[in-house]
Structure formats: structure tokens, C-alpha cells
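A short worksheet on the structure shown next.
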Amino acid sequence: MAYAKIYFENPHSGQVKEAPVGFSWTVFFFGVFPPLFRNHWGGFAIILIISLITFGLSNLVFMFIYNRMYIKHLISEGYKAKAASADLDFIQQKFGSPIPKLPSSAHNRTGFDL
């Protein structure tokens, strides 16, 4: 799958967050910092603790799984997919679980379609 992004919106607060799909280049280059900058405190704690125990070698695993962790975190926080830079049905199939979507009547400000 080519590099894709899902744009999530919290229907209660209106806050929008962008989530990359697939390999995490940011974790590859910056290790523990991407979850910190995304305010994903659970992911930050997990990566930090395991990185300290493994002297950073665990980042070789986290760069493959972190974006999935972040998407699951956003879904657990009540965020729903607003738009995607690729076909969301294809992304869901590769993701392996359903990604909740905002109702189609929601305004799409990103220029991408679901």
C-alpha cells in the first residue's frame, strides 16, 4: 500500500487529527518523539519504557506498528474518519478492523473523499 493518511474528527469536540497509515518514518528517524508530539501519552510511555529496556532496538519493531497503535488510540478516543488520501475501504481491509466513519453529511474540508 502506498503512503496514505486518514483524517479523523472527534464528533463531540470537532478536533481534527491526521493519522498516517503503514510504516512510521517518524518513529524510524525520531524514535520516541512522535507519540510525544501527537499527545499520545500511552504510546509514548510504552515506546519509552521498552526502548530503555532494549537500548533502542525495539524501535525496529515500533516503526512497523506505531501508526496502527495511533489509529487504534484515536478510535478509542471517539474519533471517526472524516476523509482519507486513499480508498478508505482498502485501508480498512489492510488495517484488519473497521474504521468508524463520520456520517456522509459531514462537511469535507480536506478535499479528499471517503
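From a predicted model like this one, the values you see are computed outputs, not experimental measurements.
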Quick one, S97 and Q92 - any side-chain contact, counting heavy atoms below 4.5 Å?
no
To the nearest 0.5 Å, tell me how far I6 CD1 sits from L88 CG.
5.5 Å
Heavy-atom pair of closest approach, residues N67 and S24
ND2-CA, 3.5 Å
Calculate, to the nearest 0.5 Å, the distance between atoms CE and NE2 belonging to M69 and H40 respectively.
5.5 Å
Please tell me whether F37 and F28 are part of a single hydrophobic cluster in this structure, the criterion being side-chain heavy atoms less than 4.5 Å apart.
yes
T26/F33 under side chain to side chain contact (heavy atoms under 4.5 Å, CB included): CA gap, chis, key distance, verdict:
CA-CA 8 Å; T26 54; F33 293 107; over 6 Å; no
Could you tell me whether D89 and K94 make a salt bridge, using a distance below 4.0 angstrom between a side-chain N and a carboxylate O?
no
Quick one: are the ring centres of Y79 and H73 less than 6.0 Å apart?
no
Should the ring pair F29 and W25 be called parallel, tilted or perpendicular, given that the plane angle runs from 0 to 90° and is split at 30 and 60?
parallel
From E18 atom CD to L74 atom CG, the distance as rounded to the nearest 0.5 Å
11.0 Å
Report whether I49 and I46 are members of the same hydrophobic cluster (ILVMFWY, side-chain heavy atoms less than 4.5 Å apart, transitive linking).
no
Which of these passes side-chain contact (heavy atoms from CB on, under 4.5 Å) with F8: I71, V16, L102?
I71
Without swapping roles, check the side chain of S58 against the backbone of T54 for a donor-acceptor pair under 3.5 Å.
no
I47/Y66 under side chain to side chain contact (heavy atoms under 4.5 Å, CB included): CA gap, chis, key distance, verdict:
CA-CA 9 Å; I47 293 175; Y66 175 68; 3.8 Å; yes
Quick check on the hydrophobic clustering: are L57 and L52 connected, directly or via other members, by side-chain heavy-atom contacts under 4.5 Å?
yes
Considering all heavy atoms, the nearest P11-K80 contact:
CG-CD, 4.3 Å
So, for P34 and V27, which heavy atoms are closest and what is the spacing to 0.1 Å?
CG-N, 3.8 Å
Could you tell me whether a side-chain N or O of R68 sits under 3.5 Å from a main-chain N or O of G22, the two making a donor and an acceptor?
no
Report the relative orientation of the aromatic rings in W41 and F44; use parallel for angles under 30°, tilted for 30 to 60°, perpendicular for over 60°.
perpendicular
Looking only at atom types and distance, does a side-chain atom of S85 sit under 3.5 Å from a main-chain N or O of K5, one as donor and one as acceptor?
yes
With hydrophobic residues grouped by side-chain heavy-atom distances under 4.5 Å, do V61 and I53 end up in a single group?
no
Dump the intermediate steps for side chain to side chain contact (heavy atoms under 4.5 Å, CB included) on Q15 and E77, then the final yes or no.
CA-CA 11 Å; Q15 186 175 16; E77 292 284 312; over 6 Å; no
